[in-house]
Amino acid sequence: MKRLFILLPFFLYTLLPLSAQTPSWAEKAAKSVFTLKTFSANGSLLASSTGFFIGTNGEAVSSYAPFKDAQRAVIIDAQGDEMPVEMILGANETYDVAKFKVSTKKTVPLTIASTATNGSSVWLLPYSVKKTPICVKGTVSSAEKFQDTYEYYTLQLTTEESQVSCPVLNQEGAVIGIIQPSAGTKKDISYAVSARYAADLTIKGLSINDPVLKQTAIAKAIPDDQKEALLALFLASSTMNESQYGNFIERFIQKFPQVSDGYLYRARYRTAKEDFNNAEKDMEQVIKLAEQKDDAHYQYAELIYQKEIYQSDKPYSAWSLDKAFNESQEAYRLNPIPVYLQQQAQIRYAQQQYAEAYQLYEQLTHTDLRSADIFYAASRCKAQLGEADQELALLDSAINMFSRPYVKTVAPYLLVRAQILTGMGKFRPAVNDYNDYESLMKTQLGPQFYYNREIAEVGGHLYQQALNDINKAIELAPSDPLYRAEKASLEIRVGRHKEAIETSQQLIRMAPEFSDGYLFLGLAQCLTNNKSEGAKNLNKAKELGNEQAQSLIDKYAN
């Protein structure tokens with residue numbers, strides 16, 4: 001009995017270090033700590049870390065590093081239950097923290113402390129399954145401010161690499177920080193970033209383009225602010241793959257079921273996937289929910305118009321260009337603004353109703369939409385109606401919307417007018433437009449431009465300029481036989497028969513089955529009194545199917 005009495009105090013003494021390191025709140029707090037596991041696209045384990053809940057609906061924080069290149073993630077809580085990570089709520093790579101939401105009904109969060117003072121005691125709370133964990137005690141050596149609000153702590157605390165992302169709690173059991181990877185060699189010095197900083201991480205509209213968030217395939221949260229969410233929705237179409245984008249739209253609608261934009265984006269998405277019936281239902285919802293009914297009808301008209309233009313091979317009986325026109329007319333009835341008339345003009349043009357389209361464009365030239373684009377569109381209507389003079393006059397009006405010195409915006413109109421003037425036989429004015437176009441687009445010109453200008457220069461008897469341009473075309477496309485054939489033809493026209501013979505021979509070596517080489521070689525030889533060889537080459541061109549050859553044989557080779 002006496003021996004037992006002696007052993008009992010010794011046994012209690014051995015327990016003192018354990019109880020001193022395990023505060024009373026540890027058992028309850030341990031329920032908030034979990035293990036995070038992330039996986040690659042092929043299902044293999046990428047990384048593991050620790051984390052803890054900060055909200056009652058699955059909100060949690062941990063290291064960001066495990067999420068890089070992750071396709072999915074799960075957590076295993078203190079009871080050993082596995083839960084999937086539903087979405088990222090925010091992340092920062094510099095401080096290696098991520099905020100995310102776990103798919104579960106209810107979670108037990110840690111209380112977040114405002115700050116911790118120098119010299120105060122703290123405890124590291126590790127992950128433990130179904131038992132009270134052994135906490136590691138330390139003190140706060142310093143707390144440096146960052147972003148004017150948060151603290152980055154230096155701790156007199158010994159930690160292991162496996163304890164990165166574990167919570168650090170104060171005497172009351174409130175979390176002050178998250179353990180960071182060690183940056184030094186002293187094992188008894190550790191670092192922690194403010195838990196308030198991790199908890200305050202958010203997703204905003206532009207976060208969808210954040211290169212940090214792009215490093216993980218796990219879904220990103222929809223911003224809570226409606227305007228920010230709409231910005232994210234707008235950007236999502238160009239930054240996400242098809243599956244991610246479709247999921248993002250569905251989550252937007254779930255979060256903002258009374259906002260018409262979600263249904264509009266889903267209608268576009270469904271139309272692209274040829275799900276026209278459900279897209280139609282979405283657009284009916286858009287019209288029902290939209291505050292601006294005129295814009296809703298305009299958007300519906302635009303969706304149908306785009307479908308009829310680019311997916312015309314996929315008919316849907318409820319949609320047609322007439323339906324699009326009617327929706328656009330309804331938009332104009334509700335709010336008579338010019339942009340709706342412009343849409344109607346585009347639809348009528350697509351229906352090949354050029355006279356009506358022109359009338360609408362002409363009407364637009366008397367509104368605040370009056371612009372070079374409107375005059376150009378009207379000129380296209382006149383071109384389809386075969387009214388060349390009016391087509392040219394409208395192009396003049398388009399170009400007259402600009403003043404010299406020209407800017408690049410005018411370049412397309414100059415090019416079109418040059419082509420029209422060439423077709424009308426007004427070669428020198430065409431050359432002038434080509435010259436203006438060249439001065440604007442100097443670094444973006446290809447061989448076709450120089451060939452086209454050469455045609456106009458020949459028509460305007462500007463032969464030296466024409467020779468220069470056809471040589472430039474050959475320089476840019478040395479393997480294209482068309483340009484050498486044009487050069488040979490031009491050389492014959494200006495009496496440079498020896499040069500034409502050389503150019504034609506080059507053409508024959510390059511393209512022996514191209515009849516123009518033999519045609520121009522034979523003609524040049526005949527013109528230099530070598531009719532016997534010339535006749536042979538003209539007959540070779542004839543054998544290759546050249547329709548000009550016989551008339552040249554009759555005229556020059558006999």
Exercise for the section: Dump the intermediate steps for side chain to side chain donor-acceptor pair (under 3.5 Å) on Asn42 and Ser44, then the final yes or no. Expected result: CA-CA 6 Å; Asn42 64 12; Ser44 61; 2.8 Å; yes
Practice task
Output, in order, the C-alpha distance, side-chain angles, deciding distance and verdict of side chain to side chain contact (heavy atoms under 4.5 Å, CB included) for Leu334 and Gln292.
Solution key: CA-CA 9 Å; Leu334 293 169; Gln292 295 178 304; over 6 Å; no
Exercise for the section: Walk me through it: do Gln352 and Gln384 pass the test side chain to side chain contact (heavy atoms under 4.5 Å, CB included)? Expected result: CA-CA 9 Å; Gln352 299 181 17; Gln384 295 295 340; over 6 Å; no
Practice task
Just do the salt bridge (charged side-chain N to carboxylate O under 4.0 Å, His left out) check on Glu284 and Lys288 with the steps written out, would you?
Solution key: CA-CA 6 Å; Glu284 290 170 355; Lys288 177 182 176 182; over 6 Å; no
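Across Ala301 and Ala324, no two heavy atoms sit closer than the pair CB-O, 3.2 Å. Here the closest heavy-atom approach between residue Glu86 and residue Ile218 is recorded as O-CG2, 4.5 Å. For the residue pair Ala113 and Ala174, the shortest heavy atom distance occurs at CB-CB, 3.8 Å. Considering all non-hydrogen atoms of both residues, Ala91 and Leu213 come closest at CB-CD2, 3.8 Å. Here the shortest heavy-atom pairing between Ala199 and Ile112 reads CB-CD1, 3.5 Å. Of all the heavy atoms in Pro133 and Ser128, the pair that sits closest is CB-CB, 3.7 Å.
Judged by distance alone, the side chain of Ser190 and the main-chain N or O of Leu157 form a donor-acceptor pair under 3.5 Å. Under a 3.5 Å cut-off, the side chain of Ser397 and the backbone N or O of Ala393 do form a donor-acceptor pair. Not a single donor-acceptor pair under 3.5 Å links the side chain of Lys307 to the backbone N or O of Thr271. Looking at Ser379, its side chain does come within 3.5 Å of a backbone N or O of Tyr376 through a donor-acceptor pair. Not one N or O on the side chain of Thr111 forms a donor-acceptor pair closer than 3.5 Å with the backbone of Gly173. Between the side chain of Tyr263 and the main chain of Lys281, no donor-acceptor pair closer than 3.5 Å is present. For the pair Thr38 (side chain) and Ala73 (backbone), a donor-acceptor distance under 3.5 Å is absent. A donor-acceptor pair under 3.5 Å is absent between the side-chain atoms of Ser120 and the main chain of Ala116, judged by distance alone. Put simply, the side chain of Thr216 gets close to the backbone of Phe67: a donor and an acceptor are under 3.5 Å apart. Although no hydrogens or angles enter the test, the distance criterion places no donor-acceptor pair under 3.5 Å between the side chain of Thr35 and the main chain of Thr50.
A cation-pi arrangement is absent between Lys220 and Phe248, since the terminal nitrogen or guanidinium carbon is not both under 6.0 Å from the aromatic centre and inside a 45° cone about the axis. Because its NZ or CZ atom is both nearer than 6.0 Å to the ring centre of Tyr265 and within 45° of the ring axis, Arg268 counts as a cation-pi partner of that residue.
A search for salt bridge (charged side-chain N to carboxylate O under 4.0 Å, His left out) contacts involving Glu308 returns nothing, not counting sequence neighbours. Residues satisfying the ring pair (Phe, Tyr, Trp, His ring centres under 6.0 Å) criterion with Tyr361, sequence neighbours excluded, are absent altogether. The ring pair (Phe, Tyr, Trp, His ring centres under 6.0 Å) search around Tyr298 returns Tyr340, not counting sequence neighbours. Tyr64 meets the ring pair (Phe, Tyr, Trp, His ring centres under 6.0 Å) test with no other residue; sequence neighbours excluded. Every ring pair (Phe, Tyr, Trp, His ring centres under 6.0 Å) that Tyr316 has, sequence neighbours left out, goes to Phe276, Trp319.
Considering Thr202, Leu206, Ile208 as possible partners of Lys204, the one that fulfils the side-chain contact (heavy atoms from CB on, under 4.5 Å) test is Thr202.
Around OH of Tyr310, the count of heavy atoms belonging to other residues, nucleotides or ligands within 6.0 Å does not exceed 12. For Lys28, the NZ atom sits in a loose shell: 12 or fewer heavy atoms of surrounding residues, nucleotides or ligands are nearer than 6.0 Å. Counting heavy atoms of neighbouring residues, nucleotides and ligands inside a 6.0 Å radius, atom CD of Gln444 exceeds 12 of them. Within a 6.0 Å radius of CD in Glu161, no more than 12 heavy atoms belonging to other residues, nucleotides or ligands are found. Lys31 NZ: 12 or fewer foreign heavy atoms inside a 6.0 Å radius. When the shell of 6.0 Å around NZ of Lys101 is examined, it contains more than 12 heavy atoms from other residues, nucleotides or ligands.
Distance check, rounded to the nearest 0.5 Å: NZ of Lys99 to CG of Asn92 gives 13.0 Å. Atom CD1 of residue Ile304 and atom CD1 of residue Ile309 lie 12.5 Å apart, to the nearest 0.5 angstrom. Between Gln244 atom CD and Ile249 atom CD1 the span is 12.5 Å, to the nearest 0.5 Å. How far CD1 of Ile337 is from CD of Gln343: 10.0 Å, rounded to the nearest 0.5 Å. One finds the CD atom of Glu362 at 9.0 Å from the CG atom of Leu394 (value rounded to the nearest 0.5 Å). Between the NZ atom in Lys37 and the CD1 atom in Ile75 there is a gap of 11.5 Å [rounded to 0.5 Å].
Using modelled atom types and a 3.5 Å distance limit, the side chains of Gln351 and Arg348 yield a donor-acceptor pair. Gln306 and Glu302 share a donor-acceptor pair across their side chains, judged by distance under 3.5 Å alone. Using modelled atom types and a 3.5 Å distance limit, the side chains of Asp433 and Gln419 yield no donor-acceptor pair. For the residue pair Asp200 and Tyr150, a side-chain donor N or O sits within less than 3.5 Å of a side-chain acceptor on the partner.
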Kindly list each side-chain donor-acceptor pair under 3.5 angstrom involving residues 398-410, sequence neighbours excluded, with atom names and distances?
{"residue": "Asn400", "atom": "ND2", "partner": "Asp396", "partner atom": "O", "Å": "3.1"}
{"residue": "Arg404", "atom": "NH1", "partner": "Asp436", "partner atom": "OD1", "Å": "3.4"}
{"residue": "Arg404", "atom": "NH2", "partner": "Asp436", "partner atom": "OD2", "Å": "2.8"}

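For the pair Tyr300 and Glu280, the minimum side-chain heavy-atom distance is below 4.5 Å. Contact check for Val168 versus Ile179: side-chain heavy atoms found under the 4.5 Å cut-off. In this structure, Tyr413 and Asp373 have side chains that are in contact, with non-hydrogen atoms separated by less than 4.5 Å. Residues Val33 and Pro167 have side chains in contact (heavy-atom distance under 4.5 Å, counting atoms from C-beta outward). In this structure, the side chains of Trp25 and Leu169 come closer than 4.5 Å at one or more pairs of heavy atoms. With contacts defined as side-chain heavy-atom distances shorter than 4.5 Å, the pair Arg196/Thr149 qualifies. Looking at Leu125 and Phe52, their side chains never come closer than 4.5 Å, going by heavy atoms from C-beta outward. Counting heavy atoms from C-beta on, the side chains of Tyr127 and Ile76 come closer than 4.5 Å.
Between Tyr152 and Tyr95, the ring-plane angle classifies as tilted under the 30° and 60° cut-offs.
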